[in-house]
Amino acid sequence: MSGFDKVVGSYEEAMAGLEDNMTVIAGGFGLCGIPENLIKEIRRKGTRGLTMVSNNCGTDEFGLGILLKDKQIRKMVASYVGENALFEAQMMSGELEVELTPQGTLAEKMRAGGAGIPAFYTATGYGTPVGEGKEVREFDGRHYILEESVQGDFSIAKAWKADRYGNLMFRKTARNFNPMAVTAGRVAVVEVEEIVEVGALDPDEIHLPGIYVHRLIQGTFEKNIEQRTVRNA
Amino acid sequence: MALTREQLAQRVAQEFQDGFYINLGIGIPTLAANYIPDGVEVMLQSENGLLGMGPFPLDEEVDPDLINAGKQTVTMARGASLFSSSDSFAMIRGGHVDLTVLGAFEVDCQGNIASYMIPGKLIKGMGGAMDLVAGADNIIVTMTHASKHGDSKLLSECTLPLTGKGCIKRVLTDLALLDIEDGRFILRERAPGVSVEEIVSLTAGELVVPEEVPEMAFQ
């Protein structure tokens with residue numbers, strides 16, 4: 001087996017080493033492109049005190065929301081948390097700390113975290129509660145705030161296809177936060193629908209190179225839909 | 001008569017120009033996609049990572065991997081492209097989107113907007129709204145002019161936590177279309193059958209009323 005082979009044999013092995021009070025960055029937008037089986041493994045493991053960094057926190061029944069039931073999440077960094085009654089209850093009672101972060105800033109925090117950039121200036125959030133207590137600088141007459149990047153002890157992500165070296169392809173809008181989440185994890189764990197042999201993917205069509213990926217596993221996915229909206233024929 | 005949701009959407013769509021890349025917020029802004037003027041081609045951006053959003057899918061076309069920023073299933077238009085959320089917000093922050101339309105709870109005559117939080121009541125988060133208002137030059141805010149109780153939402157200073165500071169230049173309410181210039185609202189158009197006096201009485205921030213205030217025209 002090659003040293004570049006990232007495939008692990010089980011979900012238990014995929015999340016081995018995850019400990020209480022760690023920071024985990026998760027890909028996904030709403031329930032789209034979420035690493036649903038890796039989340040279930042965290043639930044099974046019972047790891048607690050986690051800081052989760054993800055655009056949303058799932059619903060009460062699916063996605064990261066299932067980690068709220070036994071209060072496994074201590075702090076949530078997210079842009080939008082509207083779909084989850086349990087979340088709201090724990091936030092209002094103070095059991096769950098929440099850091100609301102603008103969506104683009106969150107994506108850039110992950111991107112920068114993976115790219116070795118400790119902080120960046122953005123106009124987003126200047127003059128709002130998000131900018132409070134943050135350094136402000138003026139460039140060309142506009143105000144910008146300094147936002148720090150983020151890295152995770154672990155990152156968990158979902159891709160469509162991978163080769164055994166962890167070269168990834170995503171599918172449609174299930175890409176969302178997944179590529180940046182992968183890059184920002186010290187241990188980056190990715191689950192995919194299909195693992196192919198090395199050489200089977202066209203190098204020009206790889207969305208994220210395997211250098212960022214540490215562990216890879218093939219799973220089966222429920223792919224729940226949050227808002228099934230259709231038009232009539 | 002105050003504009004209906006559909007009329008608000010129609011009036012928004014009158015601002016669409018051929019070749020525009022447009023981000024439409026959840027609610028009334030999204031409805032504007034149903035009223036794209038004849039001969040105008042626009043490309044709709046969905047901030048989760050899609051440029052070239054199509055209509056909702058037929059039942060058999062539903063794909064859980066293809067949703068819009070409101071988490072609804074969608075389709076892709078001809079010429080669509082897909083990308084990550086960081087690329088998506090590079091487009092937005094970098095000022096590459098031609099028009100952004102979004103809702104609000106309050107705006108004020110300094111161009112401030114409050115749209116994401118009512119302390120103690122509604123704390124769902126800002127999603128992409130803060131990036132959108134900070135990144136776009138051309139923004140239309142759609143909202144009701146006043147609350148059910150007749151309290152103006154067009155203020156001299158927003159009372160709710162801000163989504164963005166000094167970034168709004170155009171507001172479309174159910175009663176009027178207004179610009180914001182030099183710390184004042186300027187009344188540009190009124191809804192059919194709505195008097196200037198009614199608009200004045202329901203606008204708390206400083207309002208300039210030009211000599212001519214035409215009624216909005218609908219087909």
Side-chain angles (χ1 to χ4, degrees), chain A residues 27 29-33 55-56 78-83 88 91-92 98 100-108 110-112 122-131 142-144 160 170-180 207-208 221-233, chain B residues 46-50 53-76 80 82-93 112-114 116-117 119-120 122-135 161-167:
Chain A
F29 177 87
L31 299 181
C32 182
N55 190 58
N56 314 93
S79 86
Y80 192 82
V81 291
E83 291 92 351
E88 207 159 331
M91 177 169 70
M92 290 299 192
V98 179
L100 288 176
T101 303
Q103 195 174 332
T105 296
L106 186 63
E108 191 63 13
M110 292 182 194
R111 198 199 66 80
T122 177
T124 302
Y126 168 73
T128 77
V130 167
R142 264 198 100 185
H143 291 95
Y144 296 80
W160 175 42
F170 300 92
R171 188 171 175 275
K172 298 186 179 172
T173 57
R175 189 177 328 184
N176 56 60
F177 284 80
N178 279 299
M180 298 82 73
H207 294 132
L208 192 74
F221 297 84
E222 286 180 50
K223 292 196 186 181
N224 288 15
I225 294 174
E226 225 164 310
Q227 308 269 354
R228 186 188 178 90
T229 314
V230 295
R231 71 177 196 275
N232 295 321
Chain B
S46 184
E47 62 264 28
N48 48 323
L50 167 61
M53 193 165 34
F56 294 126
L58 297 170
D59 200 51
E60 62 271 21
E61 292 173 337
V62 166
D63 182 344
D65 287 341
L66 188 55
I67 65 168
N68 65 16
K71 284 135 192 158
Q72 297 169 307
T73 45
V74 287
T75 57
M76 290 185 282
L82 295 154
F83 35 85
S84 73
S85 298
S86 73
D87 286 330
S88 176
F89 282 93
M91 288 172 202
I92 290 166
R93 248 190 264 101
N112 298 325
I113 172 171
Y116 84 101
M117 189 205 266
L122 179 96
I123 313 177
K124 290 178 186 284
M126 67 291 284
M130 281 193 182
D131 306 277
L132 282 160
V133 297
L162 295 185
T163 307
K165 193 173 166 66
C167 50

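Convention: sequence-line order gives letters A, B, ...; per-chain numbering from 1.
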Atom NZ of B/Lys71 with >12 non-hydrogen neighbours under 6.0 angstrom: yes
Portion of B/Phe56 that has a non-hydrogen atom of chain A nearer than 4.5 angstrom: both
Checking B/Ile123 against chain A: side chain, backbone, both or neither under 4.5 Å from a heavy atom? both
List the steps, then state whether side-chain contact (heavy atoms from CB on, under 4.5 Å) holds for A/Leu106 with A/Phe177. CA-CA 9 Å; A/Leu106 186 63; A/Phe177 284 80; 4.1 Å; yes
How far apart are the C-alpha atoms of A/Arg228 and B/Asp59, what are their side-chain angles, what is the distance that settles it, and do they pass the salt bridge (charged side-chain N to carboxylate O under 4.0 Å, His left out) test? CA-CA 9 Å; A/Arg228 186 188 178 90; B/Asp59 200 51; 3.2 Å; yes
Donor-acceptor contact below 3.5 Å, side chain A/Thr229 vs main chain B/Gln72: no
Sort B/Ile67 into side chain, backbone, both or neither according to what part of it lies under 4.5 angstrom from a heavy atom of chain A. both
Tell me, side chain or backbone of A/Thr101 under 4.5 Å from chain B's heavy atoms, or both, or neither? backbone
Counting heavy-atom pairs under 4.5 Å with chain B, which one of A/Gly127, A/Pro102, A/Ala174, A/Ala107 comes out on top? A/Pro102
B/Ala80, B/Ser46, B/Ala69, B/Gly135: which one forms the most heavy-atom pairs within less than 4.5 Å of chain A? B/Ala69
To the nearest 0.5 Å, what is the distance between CE on B/Met130 and CD1 on B/Ile92? 14.5 Å
Max heavy-atom pair count under 4.5 Å with chain B, selected residue of A/Arg231, A/His143, A/Arg175, A/Gln227: A/Arg231
Side chain, backbone, both or neither: which part of B/Ser88 has an atom under 4.5 Å from a heavy atom of chain A? neither
Over all heavy atoms of both residues, which pair between B/Cys167 and B/Val133 is shortest? Give the atoms and the distance, please. CB-O, 3.5 Å
Distance col, row B/Asn48:CG vs A/Asn176:CG, nearest 0.5 angstrom, shows 7.0 Å
What is the distance from atom CD1 of B/Ile113 to atom NZ of B/Lys165, rounded to the nearest 0.5 Å? 14.0 Å
May I ask you to check if B/Lys124 and B/Tyr116 form a cation-pi contact, with NZ or CZ under 6.0 angstrom from the six-membered ring centre and within 45° of the axis? no
Whatever's closer than 4.5 Å to a heavy atom in chain A on B/Asp87 counts as neither
Out of A/Gly33, A/Ala233, A/Cys32, which one racks up the most heavy-atom pairs below 4.5 Å with chain B? A/Cys32
Between A/Asn55, A/Asn232, A/Thr105, who has the most heavy-atom pairs with chain B when the cutoff is under 4.5 Å? A/Thr105
Which region of B/Glu60, side chain (C-beta onward) or backbone (N, CA, C, O), has a non-hydrogen atom less than 4.5 Å from a non-hydrogen atom of chain A, or is it both or neither? neither
For a side-chain contact (heavy atoms from CB on, under 4.5 Å) check, start with the C-alpha distance between A/Thr122 and A/Glu108, then their side-chain angles and the critical distance, and finish with the verdict. CA-CA 10 Å; A/Thr122 177; A/Glu108 191 63 13; over 6 Å; no
With a 4.5 angstrom heavy-atom cut-off, could you sort out which part of A/Met110 is near chain B: side chain, backbone, both or neither? neither
Counting heavy-atom pairs under 4.5 Å with chain A, which one of B/Ser85, B/Ala134, B/Ser84, B/Gly125 comes out on top? B/Ser85
By a 4.5 Å heavy-atom criterion (distance strictly below it), what part of A/Arg171 contacts chain B: side chain, backbone, both, or neither? both
Looking only at B/Leu162, B/Thr163, B/Asp131, the option with the highest number of non-hydrogen pairs under 4.5 Å against chain A is B/Asp131
